[in-house]
Amino acid sequence: IRHMQAMQALTPTSALALNNDEDETESWVVENISQMGYGVTISSLKEDWLQSNTVIGIQPDTAPWQIGVIRRVASESVENTQTGIQILSNQPHAAMLRPIDKEMSVWETAADTQTYHHTPALYMHKEPPYQDGESLLLASGSYQLHRTYAMVVGEETRTIRLLDRINTFQGVDQIIFTDVKSKNNR
């Protein structure tokens, strides 16, 4: 039997602070492990937040944080909840997106409009069998499809265009994107 830490209802904003904060994490017992996820038993929840299709941060034992989604919840009693978690990424990275100014209206570039500011995201690189290609987790409603953004992951900045929403979770969307070549690098 292994233990894991789980961060409640993970959003791109809360993921930027994955730090084992006692108030934000819970300890769960891992009953089984497969290539694609975990089966866990939860003996008590700090709050009533657990529901299917919720993106969570998970940290098995002392391994790095992973991103998962709750796929199954079955409660035999208040003290015994069985939960199935699908792994979305073993190596997620915090990212920030900022719309490219040349595509923005004067209204959007005003300092007090939210769309001009950096938008937090979780970057998931190509990682078979979890991810067939690169994608982002973004808070629902915090982005515009088909728009060009500067994406900062660590020290690297890339120019990308958001293409399509491939999954919708509780308040979080998974978005695929493509790199945009600059006019100098055709």
Side-chain angles (χ1 to χ4, degrees), residues 6-18 33-38 49 51-60 63-73 83-105 108-109 113-186:
M7 178 172 256
Q8 303 176 13
L10 186 67
T11 65
T13 302
S14 66
L16 297 178
L18 290 177
I33 301 172
S34 72
Q35 182 180 13
M36 298 302 290
Y38 301 96
W49 63 272
Q51 55 184 299
S52 292
N53 217 28
T54 300
V55 175
I56 61 171
I58 48 179
Q59 184 181 36
W65 281 95
Q66 300 172 321
I67 301 299
V69 62
I70 296 173
R71 291 295 188 197
R72 174 182 48 82
V73 178
T83 304
I85 302 168
Q86 175 189 351
I87 298 169
L88 295 178
S89 178
N90 274 320
Q91 299 175 354
H93 299 278
M96 294 298 267
L97 300 182
R98 183 179 181 121
I100 300 295
D101 289 342
K102 66 183 177 187
E103 290 191 358
M104 299 176 72
S105 68
E108 290 173 310
T109 59
T113 61
Q114 186 173 357
T115 58
Y116 188 69
H117 299 288
H118 287 88
T119 301
L122 288 170
Y123 167 71
M124 299 185 297
H125 62 87
K126 182 177 180 178
E127 185 182 0
Y130 312 113
Q131 299 295 320
D132 292 333
E134 296 177 302
S135 66
L136 295 167
L137 291 178
L138 289 157
S140 299
S142 69
Y143 62 91
Q144 291 182 346
L145 290 177
H146 312 293
R147 173 161 256 173
T148 303
Y149 290 86
M151 177 177 74
V152 179
V153 180
E155 300 294 319
E156 182 184 3
T157 300
R158 295 165 60 182
T159 302
I160 64 168
R161 181 175 304 275
L162 302 184
L163 297 177
D164 199 8
R165 178 177 36 245
I166 59 172
N167 279 311
T168 299
F169 306 107
Q170 295 283 340
V172 177
D173 295 333
Q174 185 176 6
I175 307 297
I176 56 173
F177 63 90
T178 189
D179 284 293
V180 175
K181 306 275 190 248
S182 68
K183 292 179 181 178
N184 299 335
N185 294 339
R186 293 180 189 210

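FYI, the numbering just counts along the sequence from 1.
- Looking only at side-chain heavy atoms (C-beta outward), Q131 and L88 come within less than 4.5 Å of each other.
- When side chains are defined from C-beta on, L136 counts as touching F177, because their heavy atoms get closer than 4.5 Å.
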(message) As a quick check of understanding, evaluate side chain to side chain contact (heavy atoms under 4.5 Å, CB included) for L138 and L162, giving each step before the final call.
(response) CA-CA 11 Å; L138 289 157; L162 302 184; 4.2 Å; yes
(request) Evaluate side chain to side chain contact (heavy atoms under 4.5 Å, CB included) for N53 paired with R71, printing each intermediate quantity in order. (result) CA-CA 6 Å; N53 217 28; R71 291 295 188 197; 3.3 Å; yes
(request) Begin from the C-alpha positions of T83 and Y38 and carry the test side chain to side chain contact (heavy atoms under 4.5 Å, CB included) through to its verdict. (result) CA-CA 8 Å; T83 304; Y38 301 96; over 6 Å; no
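- At a cut-off of 3.5 Å, with distance as the only test, a side-chain donor of E127 or S89 sits close to an acceptor on the other residue.
- I87 approaches Q35 most closely through the heavy-atom pair CD1-O, 4.2 Å.
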(request) Decide side-chain hydrogen bond (donor to acceptor under 3.5 Å, both in side chains) for Y130 and Q66; before the verdict, give the C-alpha distance in whole Å, the side-chain angles of both, and the deciding distance to 0.1 Å. (result) CA-CA 11 Å; Y130 312 113; Q66 300 172 321; 6.0 Å; no
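- D132 meets the salt bridge (charged side-chain N to carboxylate O under 4.0 Å, His left out) test with no other residue; sequence neighbours excluded.
- Of the inter-residue distances, the one linking I175 atom CD1 with D164 atom CG reads 7.5 Å to the nearest 0.5 angstrom.
- To the nearest 0.5 Å, the span separating CD1 on I160 from CD1 on I176 amounts to 11.5 Å.
- Residues T157 and A150 come closest through the heavy atom pair CG2-CB, 4.4 Å.
- No donor-acceptor pair closer than 3.5 Å links the side chain of R98 to the backbone N or O of H118.
- Considering every non-hydrogen atom in both A95 and Y123, the closest pair reads CB-CB, 4.1 Å.
- Between M96 and P120 there is a side-chain heavy-atom pair separated by less than 4.5 Å.
- The shortest non-hydrogen separation linking N167 to Q174 is ND2-OE1, 2.7 Å.
- Going from atom CD1 of I58 over to atom CD1 of I67 covers 8.0 Å, rounded to the nearest 0.5 Å.
- R158 CZ to T178 OG1: the interatomic distance, rounded to the nearest 0.5 Å, is 9.0 Å.
- Between the CG atom in L97 and the CD atom in Q144 there is a gap of 12.0 Å [rounded to 0.5 Å].
- When all heavy atoms are compared, the tightest approach of T168 to R165 is OG1-CD, 3.1 Å.
- Once rounded to the nearest 0.5 Å, the distance linking OH of Y149 with OG1 of T119 reads 6.0 Å.
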